[in-house]
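One-based numbering along the sequence shown.
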Amino acid sequence: AEMVDPTVAAGPRSVQQPSATLAEMVQAECLASGLIVERGGRHGNVVRFLPPLTIDDAEIATVLEIFSSAVNTVQRALYRERLTPTRSAG
């Protein structure tokens, strides 16, 4: 999942500003909930899932629930603190 800064207007060709800070924050929230993800991509703004070779529908649903919750938690924190994702959150 690519993390981009929603506070920065899209550039040429509608490309959004990458945000490694957002990816790092989402990664930390996922880890706190027991989901291990890694960051990658050219700008470090891609959250990568590392599923096992065999995974059932219930496990996929759990992963998606944790990831969605992590993204929502980060979004609420940014709104509450009025931080921009390109600045350090802590």
Side-chain angles (χ1 to χ4, degrees):
E2 182 180 18
M3 301 289 129
V4 295
D5 186 341
T7 65
V8 177
R13 298 178 294 197
S14 298
V15 175
Q16 294 285 145
Q17 175 72 35
S19 179
T21 301
L22 275 179
E24 184 177 349
M25 293 170 74
V26 169
Q27 180 186 35
E29 285 296 324
C30 286
L31 186 57
S33 296
L35 176 62
I36 299 172
V37 294
E38 68 177 24
R39 293 185 308 123
R42 181 176 173 198
H43 304 287
N45 68 313
V46 176
V47 177
R48 295 180 177 168
F49 297 92
L50 307 165
L53 293 177
T54 56
I55 186 169
D56 63 33
D57 290 345
E59 292 169 320
I60 292 171
T62 300
V63 166
L64 293 176
E65 184 178 313
I66 292 170
F67 181 72
S68 176
S69 176
V71 170
N72 287 331
T73 298
V74 169
Q75 182 181 22
R76 283 191 306 272
L78 289 174
Y79 179 77
R80 185 174 52 248
E81 299 295 326
R82 297 180 188 226
L83 298 175
T84 59
T86 52
R87 284 190 278 163
S88 176

Mind checking the CE-OG1 spacing from Met25 to Thr73? Nearest 0.5 Å is all I need.
10.0 Å
Could you tell me the separation between the OG atom of Ser19 and the CD atom of Glu2, rounded to the nearest 0.5 Å?
10.5 Å
Sequence neighbours excluded, every pair satisfying ring pair (Phe, Tyr, Trp, His ring centres under 6.0 Å) that has a member inside residues 9-61
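Every pair satisfying ring pair (Phe, Tyr, Trp, His ring centres under 6.0 Å) with a residue in residues 9-61: Phe49-Phe67.
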Neighbour count above 12 (heavy atom, 6.0 Å) for Asp57 CG:
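It does not: Asp57 CG has 12 such atoms or fewer within range.
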Using a cut-off of 6.0 Å, state whether more than 12 heavy atoms not belonging to Glu65 lie near its atom CD.
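Counting neighbours around CD of Glu65, 12 or fewer heavy atoms of other residues, nucleotides or ligands fall under 6.0 Å, so no.
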Quick check: closest heavy atoms across [X] and [Y], and the distance to 0.1 Å?
| X | Y | result |
| --- | --- | --- |
| Val46 | Gly41 | CG2-CA, 4.1 Å |
| Gly44 | Ala23 | O-CB, 3.6 Å |
| Glu59 | Thr54 | OE1-O, 4.3 Å |
| Arg39 | Gln27 | NE-OE1, 3.3 Å |

Could you walk me through whether Leu22 and Leu78 pass side chain to side chain contact (heavy atoms under 4.5 Å, CB included), step by step?
CA-CA 9 Å; Leu22 275 179; Leu78 289 174; 3.2 Å; yes
Side-chain cluster (under 4.5 Å, hydrophobic types only) that Ile55 belongs to, other residues
Ile60, Leu64
Could you list the cluster mates of Ile36? Members are the ILVMFWY residues connected by side-chain heavy atoms closer than 4.5 Å, either directly or through other members.
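When side chains under 4.5 Å apart are linked, the cluster holding Ile36 also contains Leu31.
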Minimum side-chain heavy-atom gap Val63-Leu35 below 4.5 Å
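Of all side-chain heavy-atom pairs linking Leu35 with Val63, at least one is under 4.5 Å.
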Close side-chain approach of Asp5 to Gln16, heavy-atom, < 4.5 Å:
no
